[in-house]
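Down below is the structure, laid out as structure tokens.
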Amino acid sequence: MKTNRAVRVPTGLSVRLDVRAFTVVVLLMLLALGASVLLIGTGDFPMSASDVLTTLVGQGDEGQEFIVTELRLPRVLVGLLVGASLGIGGALFQSISRNPLGSPDILGLGQGATAGALTVIVLFSGTANQVALGALAGGLITGTAIYVLAWKRGVHGYRLVLVGIGVSAVVTAVNGYLLTKSDIVDAARAVVWMTGSLDGRDWDQVWPLLALCAVLVPVVLANSRALRMTEMGDDISNALGVRVERLRLVLMLSAVLLTASATAAAGPVSFVALTAPQLARRLTRSPGPNLVASMCMGAALLVLADFLSQRAFGAEQLPVGVVTGVLGGVYLLWLLVTERRAGRI
């Protein structure tokens, strides 16, 4: 059966459609939305899926409206946006570095955002909004440092990964130093933030992240075709009219902003950026960065992890970052073994 079909749009243009990839994206979207509905109905005041849907369309009673729209819906939306941002950010970094390990987790962007947040917490005892701004600034500074240090007539492959690993080690040491210099109250607050959690998230975290995604995701998708062409090599891409280094700079900046803002909103949720693009590629069996599929996979993974954190451990609710860390660590070990057997590492 053919997996690619030509679809004619109303303007008369013909667009190639990868049927398998399109089906995977639709199923992932349905999975993420279904898990979101179940997650909204989970808590001390349980609600059925039908009650949740009824309330979301404005037909619930006053108590249900408050529980859904004020308490649970913002948390779920933050989870979806954070997962989507990490998924597409991870896909961009893996495509630019041409390495399945080239994700923000490995390159140190999460650690950089953590350093920014810890600086605000430990040195200035900042508010939640100030901590989020510190995390965003830390991620941007770290991303800039990685790009500058990895530059040598362009940014390529393993050099980017190796520089990122080195920067990650340095920033991790800085984070440890900041924790040792903090008092017990600030240290406890910092450790809670560093686990990565969606607890207590409200509309104040939803709107900035939504606005940033609304701006950056279209920019990324508009450059997806050029990004795919760079996989043929810089010389061929330049011959075809792609300004490779300009493209990498724009997409790396977008990826840094997306991952740093996700970290600012929910803390350093580990391994979603690493696993989402790889799982999406294995499901679609399609070459290229698979940006939309990675974005949907990231959203589905984070919402499902949050659902597990609330339901799979009885009365003990774990931060979502702990769940993604455990699942992602297992996946990373499997990926390393697979890459070694294939002779790529």
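Just so it is clear, the structure is predicted and the values come from calculations on it, not from any experiment.
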Legend entry - Flag side-chain contact, heavy atom, 4.5 Å: Ser103 against Gln94: yes
Legend entry - Point-to-point distance, once rounded to the nearest 0.5 Å, from CG of Leu39 to CG of Leu198: 8.5 Å
Legend entry - Stepwise side chain to side chain donor-acceptor pair (under 3.5 Å) test for Asn175 and Thr114: CA-CA 7 Å; Asn175 293 341; Thr114 301; 4.9 Å; no
Legend entry - Nonpolar side-chain network containing Val185, other nodes, edges under 4.5 Å: Ile184
Inset, instruction - Give, for atom CG of Leu209 and atom CG of Leu81, the distance between the pair rounded to the nearest 0.5 Å. - result: 4.5 Å
Legend entry - Neighbour count >12 (heavy atoms, 6.0 Å) for atom CZ, Arg282: yes
Legend entry - Approximate separation, where rounding is to 0.5 Å, of Leu327 CG and Thr275 OG1: 8.5 Å
Inset, instruction - Assess whether side chain to side chain contact (heavy atoms under 4.5 Å, CB included) is satisfied between Gln130 and Phe124, documenting all intermediate values. - result: CA-CA 9 Å; Gln130 291 170 340; Phe124 304 104; 6.0 Å; no
Legend entry - Non-hydrogen side-chain atoms of Tyr147 and Val256 separated by less than 4.5 Å: no
Legend entry - Ser309-Asp306 side chain donor-acceptor pair, cut-off 3.5 Å: yes
Legend entry - Minimum-distance pair of heavy atoms, taken over all atoms of Gly196 and Pro319: O-CB, 3.5 Å
Legend entry - From Leu118 atom CG to Lys181 atom NZ, the distance as rounded to the nearest 0.5 Å: 15.0 Å
Legend entry - Separation between CG of Asn223 and CZ of Arg248, rounded to the nearest 0.5 Å: 13.0 Å
Inset, instruction - Quick one: pull up CZ in Arg72 and CD1 in Ile40 and give me the separation to the nearest 0.5 Å. - result: 9.0 Å
Legend entry - Inter- and intrachain pairs under side-chain hydrogen bond (donor to acceptor under 3.5 Å, both in side chains), touching residues 253-264, at least two apart: none
Legend entry - Student check: side-chain heavy atoms of Val131 and Arg189 closer than 4.5 Å: yes
Inset, instruction - Sort and list the pairs that fulfil side-chain hydrogen bond (donor to acceptor under 3.5 Å, both in side chains) and have at least one residue in residues 51-67, not counting sequence neighbours. - result: Ser48-Asp51
Inset, instruction - Would you indicate whether the side-chain heavy atoms of Val68 and Met47 approach each other to under 4.5 Å? - result: yes
Inset, instruction - Decide whether Val272 and Ile106 are clustered together by the hydrophobic rule: side chain heavy atoms of Ile, Leu, Val, Met, Phe, Trp, Tyr closer than 4.5 Å, transitively. - result: no
Inset, instruction - Could you tell me whether the side chain of Val320 reaches within less than 4.5 Å of the side chain of Thr195, counting heavy atoms only? - result: no
Legend entry - Nearest heavy atoms of Leu109 and Gly139, plus distance in Å: CD2-O, 3.9 Å
Inset, instruction - Would you list the pairs meeting ring pair (Phe, Tyr, Trp, His ring centres under 6.0 Å) in which at least one residue belongs to residues 176-206, sequence neighbours left out? - result: Trp203-Trp207
Inset, instruction - Answer yes or no: is there a donor N or O on one side and an acceptor on the other, between the side chain of Asp183 and the main chain of Asp186, under 3.5 Å? - result: yes
Inset, instruction - Go through the steps for Arg20 and Ser286 under the test side chain to side chain contact (heavy atoms under 4.5 Å, CB included), then give the verdict. - result: CA-CA 8 Å; Arg20 183 184 178 91; Ser286 176; over 6 Å; no
Inset, instruction - State, to 0.1 Å, how close Ser168 and Gly108 come at their nearest heavy-atom pair, and which atoms those are. - result: CB-CA, 3.6 Å
Legend entry - Partners passing salt bridge (Lys or Arg N to Asp or Glu O under 4.0 Å) against Asp199 (at least two apart in sequence or in another chain): Arg75
Legend entry - Val206 side chain near Asp202 side chain, heavy-atom distance below 4.5 Å: no
Legend entry - Other cluster members, Val219 - Ile/Leu/Val/Met/Phe/Trp/Tyr, side-chain contacts below 4.5 Å: Val250
Legend entry - Cluster overlap Val191 with Val322, hydrophobic side-chain contacts below 4.5 Å: no
Inset, instruction - For Leu33 and Val37, run side chain to side chain contact (heavy atoms under 4.5 Å, CB included): C-alpha distance rounded to whole Å, both residues' side-chain angles, the deciding distance at 0.1 Å, then the answer. - result: CA-CA 6 Å; Leu33 294 176; Val37 171; 5.7 Å; no
Legend entry - Minimal non-hydrogen separation, Leu304 against Ala35, with atom names: CD2-CB, 3.7 Å
Legend entry - Main-chain N/O of Ser197 paired to Arg201 side chain as donor or acceptor, under 3.5 Å: yes
Legend entry - Hphob cluster co-occupancy, Val170 + Leu140, side-chain heavy atoms under 4.5 angstrom: no
Inset, instruction - Treating Ile, Leu, Val, Met, Phe, Trp and Tyr as nodes and any side-chain heavy-atom pair under 4.5 angstrom as an edge, say whether Val217 and Val82 lie in one connected cluster. - result: no
Legend entry - Leu253 and Thr144: CA distance, side-chain angles, deciding distance, side chain to side chain contact (heavy atoms under 4.5 Å, CB included) verdict: CA-CA 8 Å; Leu253 178 61; Thr144 302; over 6 Å; no
Inset, instruction - Would you indicate whether the side-chain heavy atoms of Val19 and Phe22 approach each other to under 4.5 Å? - result: no
Legend entry - Closest heavy-atom pair and its distance - Pro277, Ser294: CA-OG, 3.3 Å
Inset, instruction - Taking the side chain as every heavy atom from C-beta outward, state whether Leu301 and Leu279 have any atom pair closer than 4.5 Å. - result: yes
Legend entry - Leu274 with Leu283, same ILVMFWY side-chain cluster at under 4.5 Å: yes
Legend entry - Over all atoms of both residues, closest heavy-atom pair of Leu178 and Ala115: CD1-O, 4.0 Å
